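Please read the structure below before turning to the comments.
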Amino acid sequence: MIYLRLFLNFLMIGALSFGGGYGMVSLVRETVLSNGWLTENEFLNFIAVSESTPGPLAVNMATFIGSTQGGILGSFAATLGVVLPSFLIILLIASALKNLIKYAPVNAFLSGVRPCVVAMILATALSMALSTLFGLTDLQAGFAPDLRSIAVFAMLGATHLICKKIRKTAPSPILMILFSAGLGILFWCIF
Amino acid sequence: MKLICSLFITFLKIGVFTFGGGYAMIALLENEFVEKKKWLEKSEFLDMVAVAESTPGPVAINSATYIGYKIAGFAGAAMSTLAVCIPSFFVIYGISLFFDQFLSLRWVSCAFRGIQVCVIYLILTAGLKMLKSIDKNTLNLTLLTLVMASMLCCSITAVSFSSVFYILICGAVGLVVFFLRKIRKGHGKTS
């Protein structure tokens, strides 16, 4: 029953993703890869689409994955799943447990979760980089560096540093996506 | 009823205009509810942000539920949450129907090769930004290093170990450290 599986998987993601949009990237990636719902490349494409369309990343991802797996009912089940835990927890806090996040044990739990979320985001980015830039998905499969991807990555990094030096702020994600799209056409279609 | 309608329309508007996820939306919410409508005090709003950030789930959904409940009870919470999801849901559902055809265009698929690299860069910079903002104490750094190392090892050796466990284990470590400190303090007082 695909609807139930979508609902339950996204329910778990909604209940355990701390730290906003990128905090849930590693959970969603594991879920879609282990269920065979998307490949790594499809997942990366889709994060770009979520970044460049309005609305919370979580809802965007749930809707898209739900739709590719089970049509409109699938996207409804997945979106409901990802929203429900937040909705219930916040209702509880706003109505009955006003000081929940001020209780010391809750804070202690969160203080352990915070570094974990940062580590998860960094590790996910690194393992994505290993597989996309260096073709290293696991040790048996070996090593196949992709020079064009590495060149694009280096240029994005350089742009980031130059922007930070001149304008003191990091370039906006949408501009970087557009820039990388241009580089993609240049490297893969023209050369 | 009028209040709920007004909440619904405001959150619909916010759902349409927030690109780039939850944090971008907080500034918009403040402008709308604290400065223009004066439905919330500044201090209430800051409480809301603290709650939305430290509970699981997307920040956008958390804040919609919280503000909706504060202003118009359960119905307000339900309508605000629904409203903030509707724009993403329809935009992404629409995209999901045509995305495969769109990607089969040669130029588009080239552009997306570049964009995939950009997404890795975006996730990496988001992680690094969070890394800068956490306290560099021993507990945080130990958890961070262990989780990262273990996630990368699992990914390279193709062992599947869900991130859910990392979150729960790190939360538990936070709790244990908290209670150990409490016990030690208790001993200090009695002796």
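A note on names: the letters A, B, ... follow the listed sequences, proteins ahead of strands, and every chain is numbered from 1. What you see is a predicted model, and the numbers here were worked out from it, not measured in a lab.
Closest non-hydrogen pair, A108(A) versus F178(B), comes out as CB-CB, 3.4 Å. Here the closest non-hydrogen pair linking I61(B) and S86(A) is CG2-CB, 3.8 Å. Across all their heavy atoms, L44(A) and V119(B) have their closest contact at O-CG2, 3.5 Å. Smallest separation of non-hydrogen atoms from W188(A) and G114(B): CZ3-N, 3.7 Å. For the residue pair F112(B) and A48(A), the shortest heavy atom distance occurs at CE2-CB, 4.5 Å. Considering every non-hydrogen atom in both L91(A) and Y69(B), the closest pair reads CD2-CD1, 3.4 Å.
Proximity to chain A (any heavy atom under 4.5 Å) is shown, for K136(B), by neither the backbone nor the side chain. For P87(B), no part lies under 4.5 angstrom from a heavy atom of chain A. For chain A, the nearby parts of A78(B) are the backbone and the side chain; heavy atoms of each come within less than 4.5 Å. Residue contact with chain B, scored on non-hydrogen atoms closer than 4.5 Å, involves the backbone and the side chain of M120(A) alike. Interface residue M12(A): only side-chain heavy atoms are found under 4.5 Å from chain B. With a threshold of 4.5 angstrom between heavy atoms, I134(B) approaches chain A through side-chain atoms but not through N, CA, C or O.
Rounding to the nearest 0.5 angstrom, the gap separating the SG atom in C118(B) from the CD1 atom in I47(A) is 11.0 Å. From C116(A), atom SG reaches atom CG of L168(B) across 9.0 Å, with rounding to the nearest 0.5 Å. Interatomic distance, F109(A) CZ to S54(B) OG, rounded to the nearest 0.5 Å: 12.0 Å. Atoms CD1 and OG1, from I121(A) and T125(B) in turn, are 10.5 Å apart once rounded to the nearest 0.5 Å. From I120(B), atom CD1 reaches atom OG of S131(A) across 6.5 Å, with rounding to the nearest 0.5 Å. Atom CE of M48(B) and atom CD1 of I90(A) lie 9.0 Å apart (nearest 0.5 Å).
Taken together through direct or relayed side-chain contacts under 4.5 Å among Ile, Leu, Val, Met, Phe, Trp and Tyr, L82(B) and F87(A) form parts of separate hydrophobic clusters. Under the 4.5 Å side-chain heavy-atom criterion for Ile, Leu, Val, Met, Phe, Trp and Tyr, V106(A) and V173(B) are members of the same hydrophobic cluster. F10(A) and I2(A) fall within the same hydrophobic cluster, where Ile, Leu, Val, Met, Phe, Trp and Tyr residues are linked whenever their side-chain heavy atoms come under 4.5 Å apart, directly or through other members. Grouping the Ile, Leu, Val, Met, Phe, Trp and Tyr side chains by contacts below 4.5 angstrom, directly or via other members, places L146(B) apart from L110(A). Residues I9(B) and I86(B) fall into different hydrophobic clusters, defined by Ile, Leu, Val, Met, Phe, Trp and Tyr side chains chained together at heavy-atom separations under 4.5 Å.
Of the residues considered (Y121(B), Y66(B), W107(B), F74(B)), Y121(B) shows the highest number of contacts with chain A, using heavy-atom pairs under 4.5 Å. Chosen from T132(A), L27(A), V25(A), the residue pairing most often with chain B at heavy-atom distances under 4.5 Å is L27(A). Most heavy-atom pairs under 4.5 Å with chain B: of the set I150(A), L156(A), L133(A), L183(A), this distinction falls to L156(A). Note on T79(A), I72(A), I177(A), V59(A): by heavy-atom pairs under 4.5 Å with chain B, the leading option is I72(A). The most heavy-atom pairs under 4.5 Å with chain B, out of A58(A), G157(A), A104(A), P85(A), come from A104(A). The residue among Q116(B), M130(B), M151(B) with the most heavy atom pairs within less than 4.5 Å of chain A is Q116(B). For the set T145(B), I169(B), T81(B), the count of heavy-atom pairs under 4.5 angstrom toward chain A peaks at T81(B). Interface remark: of the candidates N62(B), L152(B), L143(B), N62(B) forms the most heavy-atom pairs closer than 4.5 Å to chain A. Ranking T68(A), V113(A), I13(A), I190(A) against chain B, the residue ahead of the rest is V113(A), based on heavy-atom pairs under 4.5 Å. Per-residue heavy-atom pair counts under 4.5 Å with chain A were compared for G127(B), S133(B), G57(B), P56(B), and the maximum is reached by P56(B). Put simply, of A15(A), G66(A), S95(A), the one with the most heavy-atom pairs under 4.5 Å next to chain B is S95(A).
Among residues two or more places apart in sequence or in another chain, the ring pair (Phe, Tyr, Trp, His ring centres under 6.0 Å) test is passed with F153(A) by none. When the side chain to side chain contact (heavy atoms under 4.5 Å, CB included) test is applied to A119(A), the partners found at least two apart in sequence or on another chain are L144(B), V147(B), M148(B).
At a threshold of 4.5 Å between non-hydrogen side-chain atoms, the residues L175(B) and P105(A) count as touching. The shortest side-chain heavy-atom distance between N140(B) and R114(A) does not fall under the 4.5 Å cut-off. Put simply, the side chain of L130(A) reaches to within 4.5 Å of the side chain of I156(B), judged on heavy atoms.
By the 6.0 Å contact criterion, NZ on K37(B) is enclosed, its count of non-hydrogen atoms from other residues, nucleotides or ligands being greater than 12.
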Under 3.5 Å donor-acceptor pairs involving side-chain atoms of residues 88-103 of chain B, not counting sequence neighbours:
from	atom 1	to	atom 2	distance (Å)
S88(B)	OG	N60(A)	OD1	3.4
S96(B)	OG	S67(A)	OG	2.5
S96(B)	OG	Y93(B)	O	2.7

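Side-chain N or O atoms of R106(B) include one that pairs as donor or acceptor with a backbone N or O of C189(A) at under 3.5 Å.
Against chain B, the residues from residues 30-41 of chain A that qualify, each with a non-hydrogen atom under 4.5 angstrom away, are E30(A), N41(A) in number order.
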Might you work through the side chain to side chain contact (heavy atoms under 4.5 Å, CB included) test for L122(A) and I123(B), ending with a clear yes or no?
CA-CA 8 Å; L122(A) 289 173; I123(B) 298 176; over 6 Å; no
Show the numbers, then the answer: is there a side chain to side chain contact (heavy atoms under 4.5 Å, CB included) between F187(A) and R113(B)?
CA-CA 9 Å; F187(A) 278 106; R113(B) 295 293 295 268; over 6 Å; no
From CA spacing to verdict: side chain to side chain contact (heavy atoms under 4.5 Å, CB included), C85(B), V83(A):
CA-CA 9 Å; C85(B) 293; V83(A) 170; 3.7 Å; yes
